[in-house]
Protein chains: 2
Amino acid sequence: MIESARPPSKFLAAIAQIQEMIKTDRFQSGDKIPSERELSDRLSIGRSSVREALRALELLGLIETRRGEGTFLRDFKDHQLVPLIGTFIFDGDQNKEDVRDVKAILELGCLAILSRKSGFDFNEAGDSFQQQIEAADNRLLKNIWMIISDYAGSDTGNERLEELLAAAKQINYSERQ
Amino acid sequence: MIESARPPSKFLAAIAQIQEMIKTDRFQSGDKIPSERELSDRLSIGRSSVREALRALELLGLIETRRGEGTFLRDFKDHQLVPLIGTFIFDGDQNKEDVRDVKAILELGCLAILSRKSGFDFNEAGDSFQQQIEAADNRLLKNIWMIISDYAGSDTGNERLEELLAAAKQINYSERQ
DNA sequence: TGAATTGTGTGGTCTGACCACTCGGGTGAC
DNA sequence: GTCACCCGAGTGGTCAGACCACACAATTCA
């Protein structure tokens, strides 16, 4: 018997199953999810592995644990991943540039979407990008932007956006086809 | 005694101390770091807490664990954070329109970056976006784009990009400031 | 009625025990 | 000497059980 393909680690299995559970049981943001012990029972996975999975989810800001109370589903917003990863990732400048660029790209795209909507008036829009992202009404875009923004920190960095915008205006895309 | 300020969780303490240890001992990328049991001893923290800390670091792509061998420091560059987040960013019934839009936004941004680079010739670029993303030389952008592309499927969808591009050209961003 | 107490359930942590795996050193046959 | 084999030590992976600290609700009692 060759029989390769070692089963995936319990840890990963737990993440997947918890994710699945959240989806099928239609948990909403703020809802309490089953306790560690119950998850351990229901998934037939040791509590320590369940805990490791929950830690991962917490790190990603998807859940919040409160001692004595329980574990709760959370909105994407404030994940504390950033300060942690920041100390490692952001000592190289290259990555910081990357993050800022991607952030600017998303904002450029957001503006483009807003501009596409007939009748949208930029002067009406708030001055914080947060509001413009909301106005764009694209949840995926918003999610990604929020994550990236956290990484990028609260820099102003409008110059980068303008730079990209200027570059975009010079693209003659259809020419390439 | 008032004495508030509950001590930080062992889990976080472990992360900090491991991080510190890596720094002071000048571990290099690829080096083997002490075993879980030894860390548990040296830090006077239970192995389970040490493991949770290591999991977090692994999740961030900062270390790599190999069963039977040990735990190794890793080059932070390829952190698999993004693919992991990707599975969560999409909350299931995500509007397909949204996904396509974001994909187009990223591609628009990619073009803008390429266009910004003086001397870049679009005609030289390959016809697949894969190659253009590579040329943009922004790992974060590439990661996100690949995830999105997976979800968006292999649609053609150039019209959406052109649409956005046209919209972008009409933005007078600085006017807003 | 209102304050104090108790009970129950939760996350947080530690410990000891296995398992599965890798690697290197020894052992023996050739 | 050389090579294949085996075995033991070390490592991460997992589990079960035991406490602790805490939050909250029910209960008790003044």
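Throughout, protein chains are lettered first and strands after them, A, B, ... in sequence-line order, and every chain is numbered starting at 1.
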| said: Test of understanding: with side-chain contact (heavy atoms from CB on, under 4.5 Å), list the residues that count as partners of B:Asp31, not counting sequence neighbours. | reply: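 Applying side-chain contact (heavy atoms from CB on, under 4.5 Å) to B:Asp31 gives B:Phe27, B:Gln28.
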
| B:Arg55/B:Glu52 salt bridge by N-O under 4.0 Å criterion |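 The answer is no: the pair does not qualify as a salt bridge.
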
| message | Quick test of your reading of the model: are B:Asp25 and B:Lys32 salt-bridged, counting only N-O distances below 4.0 Å? | response |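 No, this pair does not count.
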
Separation of atom [atom1] in [X] from atom [atom2] in [N], rounded to whole Å:
X: B:Glu36; N: C:dT22; atom1: CD; atom2: C1'; value: 15 Å
X: A:Arg66; N: D:dA23; atom1: CZ; atom2: P; value: 11 Å
X: B:Phe11; N: C:dG11; atom1: CZ; atom2: C1'; value: 13 Å
X: B:Leu57; N: D:dG12; atom1: CG; atom2: C1'; value: 15 Å
X: A:Ile63; N: C:dT10; atom1: CD1; atom2: P; value: 15 Å
X: A:Leu12; N: D:dG12; atom1: CG; atom2: C1'; value: 14 Å
X: A:Leu54; N: C:dT10; atom1: CG; atom2: P; value: 13 Å

| said: Which nucleotide wins on minimum distance to the side chain of B:Thr65, given the candidates C:dG11, C:dT13, D:dG12? | reply: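 Between C:dG11, C:dT13, D:dG12, the one nearest the side chain of B:Thr65 would be D:dG12.
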
| Of the nucleotides C:dG11, D:dG12, C:dT15, which one has an atom closest to the side chain of A:Arg51? |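 Given the options C:dG11, D:dG12, C:dT15, the side chain of A:Arg51 is closest to C:dG11.
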
| Non-neighbouring partners of A:Glu20 that pass salt bridge (charged side-chain N to carboxylate O under 4.0 Å, His left out), sequence neighbours left out |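 Once residues adjacent in sequence are excluded, A:Glu20 has no partner under the salt bridge (charged side-chain N to carboxylate O under 4.0 Å, His left out) criterion.
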
| request: Mind checking salt bridge (charged side-chain N to carboxylate O under 4.0 Å, His left out) for A:Arg47 and listing every partner two or more places apart, or none if nothing turns up? | output: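 Salt bridge (charged side-chain N to carboxylate O under 4.0 Å, His left out) check on A:Arg47 returns A:Glu36.
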
| message | Categorize B:Ser49 for me: base, sugar-phosphate, or nothing, with a 4.0 angstrom heavy-atom threshold over every strand shown. | response |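 Contact class for B:Ser49: sugar-phosphate only.
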
| Any side-chain N or O of A:Thr71 under 4.0 Å from OP1/OP2 of C:dT10? |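 Checking C:dT10 against A:Thr71, no side-chain N or O comes under 4.0 Å of OP1 or OP2.
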
Tabulate protein N/O versus nucleotide N/O from nucleotides 4-9 of chain C, keeping only pairs under 3.5 Å, one per line.
from	atom 1	to	atom 2	distance (Å)
C:dG9	N2	A:Gly68	O	3.1

Suppose we screen for side chain to side chain donor-acceptor pair (under 3.5 Å). Which residues come up paired with [X], at least two apart in sequence or across chains?
X: A:Ser48; result: none
X: B:Ser40; result: none
X: B:Glu134; result: B:Gln130, B:Lys142
X: B:Arg37; result: none

| field | For DNA chain C, the residues among residues 37-47 of chain B that have a non-hydrogen atom under 4.0 Å from it | value |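 Nucleic-acid contacts, sorted: B:Arg37, B:Ile45, B:Gly46, B:Arg47.
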
